[in-house]
Amino acid sequence: MSEEVQIDQEVYDRLIAEGKSERIARAKAKAAGVRKAKEASGEKLGPRSAEELAAKAAPAAAAAGGDTGEGGGVATMAPPAAKAGNGNGGGRLSPEERAARVAASLGKGGEAASIGVPAASAHTHRMLALVPPAGIQQVKTEQEDKVYTWPHLLLVEFVALLAMGSFVLLVSFFLDAPLGSLANANEVPAINKAPWYFMGLQELLRYFHPMVAGVTLPGVAIVLLMAAPYVDKNPSAQPENRKTANLAFTFFMVFWGVLVIIGSFIRGAGYEWVWPWVNGLGFVL
Amino acid sequence: MAKLSLPKPPSGDELKASVQDNVIWRSIFRPGSIYRKGYRDTSRDRALASMNNVLYHLHPVKVKRHGLKLTYTYCLGGMSFFLFVLLTITGIFLMFFYTPAAGAGTELAYLNMRELSASVTFGNLVRNMHRWGAHLMVFTVFLHMARVFYHGAYKAPREFNWVVGVILLLLTLLLSFTGYLLPWDQLALWAVTVGTNMMGYTPVFGDQVQFVLLGGLEIGPATLLRWYVLHVLFIPFVTVVFLAVHFWRIRKDGGISGPL
Ligand code: HEM
């Protein structure tokens with residue numbers, strides 16, 4: 001990894017004399033040292049600056065009809081194939097190639113306008129090369145207060161998993177699930193109830209026609225529930241700004257809860273209203 | 001006698017290298033995995049480790065600090081999911097011992113439940129866990145919904161995830177209800193009778209809906225088989241699909257909502 005790079009003492013001294021800071025001088029001198037070493041070993045170096053590149057490209061561009069100007073922010077990266085093919089060094093597009101590509105993207109030369117990717121290119125992401133800098137939107141967001149998922153969140157989740165697991169295990173150890181006698185379609189049991197989460201519906205069945213209690217009301221409830229985010233257009237999440245919504249939802253939940261509790265605990269044989277401390281609990285989970 | 005010299009046991013590092021440096025190991029752990037040979041603590045390998053880690057499809061690398069507060073989510077969504085997993089595991093165990101048959105005189109479903117409780121190792125315990133877990137899951141899903149509502153966490157851009165949530169609630173109820181019939185005891189038969197009678201009042205198609213649900217005119221062996229397949233295969237499958245969308249949307253909507 002760390003070959004010792006010789007810094008170019010000459011450059012360093014000159015920069016210090018020019019009043020550059022120690023840090024900048026050292027960095028530039030180091031870069032100069034690397035360049036020297038590469039030149040010494042016969043390595044070919046790319047253009048060092050935009051000006052140098054432009055100077056090299058200018059005569060050729062003139063020959064191509066000066067079309068390159070239209071491309072706006074055409075970047076100067078070439079697909080790897082160009083590097084091997086045209087031998088103009090540095091792995092960049094030749095001005096002719098670039099002009100042709102721009103023309104193609106603008107729909108010149110008879111072809112339909114493309115997004116700037118030569119048909120033969122496998123590199124669709126190169127289309128970015130034709131986006132003018134002005135067209136790139138910069139999004140700046142503020143850094144949020146975040147923590148690493150591991151260990152912070154995963155640890156909490158693991159503890160929750162253990163707590164929940166041991167709770168279910170403990171309950172299951174001491175409480176047996178009910179198992180009645182064999183199903184018999186000819187013998188209606190005295191206490192005949194749906195599972196607790198449907199007791200609200202069964203209780204409603206007591207007051208309404210089955211079509212209302214069993215189909216219409218639950219249907220409306222589900223549709224209302226799904227529509228809630230689209231009906232509630234208030235953007236605030238602060239409890240003090242959404243009293244109506246909270247009130248409505250609380251009413252909904254309490255109403256439902258009360259029906260479930262009545263159905264589960266205060267209904268007995270024949271679905272009659274009985275007090276559990278008088279006739280016993282007519283409730284099986 | 002010439003002294004026998006045993007080959008030197010490999011050092012920890014050598015052992016590690018020989019385990020990691022083969023075709024099988026390399027095929028399991030993708031580039032950037034911290035278990036792969038040559039993992040270095042560079043920004044490139046760290047980035048790959050995040051992008052290629054299966055767990056990071058569920059969780060981002062970082063989460064909002066306030067989302068960790070137990071009093072924000074009460075971990076209710078997480079609990080619902082854990083219970084779903086627990087129910088899957090215990091349910092598979094129960095499937096080994098259960099036959100969904102209820103023909104007159106050959107009510108294997110019911111007999112299997114009796115045998116499970118009486119003579120299968122841990123059978124009774126696992127059945128209890130499956131039953132109590134199911135009730136608990138309905139409960140935690142309800143509470144999770146309430147927590148989401150009171151936090152206004154269904155507001156833009158999370159409207160659709162709330163809708164997905166309502167579908168998950170319905171699926172949870174259906175899972176629980178279809179399971180209720182399977183022991184084929186009086187409790188099961190009559191609880192389900194109450195429920196399916198109601199569905200028979202669906203406008204226009206009432207009779208057809210009831211016929212399809214029961215696999216006949218009244219609850220019988222065909223109903224049991226039908227509900228068994230729905231309970232162990234179809235509804236869990238649909239639920240997993242919606243859970244995947246639910247979790248994916250939580251991330252795409254910018255993680256947990258809030259703080260208030
Ligand atoms: C099988 C049932 C469900 C599971 C396993 C589940 C799982 C989760 C999990 C793990 C979260 C992350 C935050 C948290 O734990 O509170 C979450 C968030 C959320 N859930 Fe659920 N959920 C279920 C049902 C529901 C239901 C019934 C609703 C609403 C009707 C709902 C709506 C939402 C919304 C809107 C969020 C985003 C909340 C936020 O950003 O603060 N989910 N869910």
Side-chain angles (χ1 to χ4, degrees), chain A residues 144-149 152-154 156-157 160-161 164-165 168-169 171-173 175-185 187-189 192-198 201-202 205 209-211 213-215 222 225-226 228-230 232 234-239 242 245-246 249 253 284-285, chain B residues 59-65 68 70 75 78-79 82-83 86 102 107 110 113-114 117 124-125 127-129 131-133 135-136 138 146 149-152 154-155 159 162-163 166 170 173 176-177 180 183-191 194-195 197-199 201-203 218-219 257-258 260:
Chain A
E144 278 180 291
D145 186 15
K146 289 191 165 184
V147 294
Y148 281 105
T149 300
H152 302 284
L153 178 60
L154 288 184
V156 174
E157 287 180 343
L161 175 71
M164 191 274 300
V168 174
L169 194 65
V171 170
S172 305
F173 194 78
L175 277 182
D176 272 347
L179 185 63
S181 52
L182 177 65
N184 181 351
E187 184 198 319
V188 188
N192 185 6
K193 291 186 187 176
W196 63 270
Y197 38 84
F198 286 149
L201 290 181
Q202 200 175 348
L205 206 54
H209 184 268
M211 192 164 105
V215 182
I222 291 167
L225 211 52
M226 284 197 187
Y230 305 97
D232 177 7
N234 172 5
S236 173
Q238 299 292 333
R242 46 196 302 264
N246 282 348
F249 189 74
M253 294 293 271
V284 195
L285 263 175
Chain B
H59 277 317
V61 179
K62 281 182 157 193
V63 290
K64 293 182 200 158
R65 186 187 297 279
L68 285 182
L70 213 57
C75 216
M79 289 293 196
F82 294 155
L83 282 165
L86 180 83
E107 287 93 349
Y110 182 74
M113 296 308 287
R114 282 250 171 265
S117 302
N124 198 41
L125 182 72
R127 175 173 176 235
N128 290 346
M129 288 177 76
R131 181 114 176 172
W132 302 138
H135 283 307
L136 193 60
V138 175
F149 190 94
Y150 287 122
H151 283 161
Y154 56 81
K155 302 193 173 199
E159 303 100 318
W162 168 272
V163 176
V166 176
L170 297 179
L173 292 177
S176 190
F177 192 51
Y180 214 79
W184 203 250
D185 57 353
Q186 278 290 73
L187 202 61
L189 178 70
W190 291 98
V194 175
N197 276 350
M198 266 190 253
M199 299 183 201
Y201 286 97
T202 309
E218 54 184 29
I219 299 185
S257 65
L260 280 183

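Below, each value reflects all heavy atoms present in this structure, side chains not excepted, and no hydrogens, waters or symmetry copies. Small disclaimer: the values here were computed from a predicted structure and weren't measured.
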Region of A:Met211 that comes under 4.5 Å of a non-hydrogen atom in chain B:
both

Do the non-hydrogen side-chain atoms of B:Lys62 and A:Val147 ever get within less than 4.5 Å of each other?
no

B:Phe82 versus A:Glu157: any side-chain heavy-atom pair under 4.5 Å?
yes

Cut-off 4.5 Å, heavy atoms of chain B, and the answer for A:Tyr197 is side chain

Select one option (side chain, backbone, both, neither) describing which atoms of B:Ser257 are under 4.5 Å from chain A's heavy atoms.
neither

Quick one: sort the B:His135 and A:Trp196 rings into parallel, tilted or perpendicular, breaks at 30° and 60°.
tilted

Given that the side chain runs from C-beta out, which part of A:Val156 has a heavy atom under 4.5 Å from chain B: side chain, backbone, both or neither?
side chain

N/O donor-acceptor pair under 3.5 Å between B:Lys155 side chain and A:Asn234 backbone
yes

Below 4.5 Å from any heavy atom of chain A, which atoms of B:Lys64 appear? Answer side chain, backbone, both or neither.
both

Which heavy atom in B:Ala146 sits nearest to a heavy atom in A:Met253, and how many Å separate them?
CB-CE, 3.9 Å

Ranking A:Ser236, A:Ala160, A:Gly180, A:Ala185 by heavy-atom pairs under 4.5 Å to chain B gives rank one to A:Gly180

So does A:Glu187 get a backbone contact from the side chain of B:Gln186, meaning a donor-acceptor N/O pair under 3.5 Å?
yes

For B:Val163 and A:Met226, work out which heavy atoms get closest and say how close.
CG2-O, 3.6 Å

Taking the side chain as C-beta and beyond, is there a heavy-atom pair between A:Pro210 and B:Asn197 under 4.5 Å?
no

B:Tyr180 portion near chain A, given a 4.5 angstrom heavy-atom threshold:
side chain

Using a cut-off of under 4.5 Å on heavy-atom pairs, state which of A:Val168, A:Val171, A:Leu182 scores highest against chain B.
A:Leu182

Residue pair A:Ala245 / B:Tyr154: nearest heavy atoms and the distance that separates them
CB-OH, 4.5 Å

When rounded to the nearest 0.5 angstrom, what distance separates CZ in B:Arg114 from CG in A:Leu179?
4.5 Å

Taking every heavy atom of B:Tyr110 against every heavy atom of A:Ser181, the minimum-distance pair comes out as OH-CA, 3.4 Å

For side chain to side chain contact (heavy atoms under 4.5 Å, CB included), just list the numbers for B:Val63 and A:His152, CA-CA rounded to whole Å, side-chain angles, deciding distance to a tenth of an Å, and then say yes or no.
CA-CA 9 Å; B:Val63 290; A:His152 302 284; 6.0 Å; no

Is chain A contacted by the side chain of B:Ile219, its backbone, both, or neither, given a heavy-atom distance below 4.5 Å?
neither

By salt bridge (Lys or Arg N to Asp or Glu O under 4.0 Å) - contacts of B:Arg65 (at least two apart)
A:Asp145

Does A:Arg242 make a cation-pi contact with B:Phe149, if we ask for NZ or CZ under 6.0 Å from the ring centre and within 45° of the axis?
yes

Got a second to check how far A:Leu169's CG is from B:Leu125's CG, nearest 0.5 Å?
5.5 Å

Would you mind checking which part of A:Tyr148 comes under 4.5 Å of any heavy atom in chain B, side chain (CB onward), backbone (N, CA, C, O), both or neither?
both

Quick check for you: to the nearest 0.5 Å, what is the distance between B:Asp185 atom CG and A:Asn184 atom CG?
12.0 Å

At a 4.5 Å cut-off on heavy atoms, which part of A:Val215 comes close to chain B: side chain, backbone, both, or neither?
side chain

What part of B:Trp162 gets within 4.5 angstrom of chain A, counting heavy atoms only: side chain, backbone, both, or neither?
side chain

Between A:Ala194 and B:Val194, the two heavy atoms sitting closest are CB-CG1, 4.4 Å

For B:Leu173, which atoms come within 4.5 Å of any heavy atom of chain A: side chain, backbone, both, or neither?
both

Counting heavy-atom pairs under 4.5 Å with chain B, which one of A:Pro189, A:Gly165, A:Gly214 comes out on top?
A:Pro189

Could you grab the distance from atom CZ of B:Arg131 to atom CG of A:Asp176, nearest 0.5 Å is fine?
11.5 Å

Engaged part of A:Pro235 at the chain B interface, taking heavy atoms whose separation is under 4.5 Å
backbone

Measuring from B:Asn128:CG to A:Leu175:CG, what's the distance to the nearest 0.5 Å?
8.0 Å

Most heavy-atom pairs under 4.5 Å with chain A, out of B:Gly195, B:Pro60, B:Gly78, B:Cys75, belong to B:Pro60

What option among A:Ile222, A:Leu154, A:Leu225, A:Val284 has the most heavy-atom pairs under 4.5 Å with chain B?
A:Leu225

For a quick test of reading the model, state the closest non-hydrogen atom pair linking A:Lys193 to B:Ala191 and the distance between them.
O-CB, 3.2 Å

Does any heavy atom of chain A fall under 4.5 Å from the side chain of B:Trp190, the backbone, both, or neither of them?
both

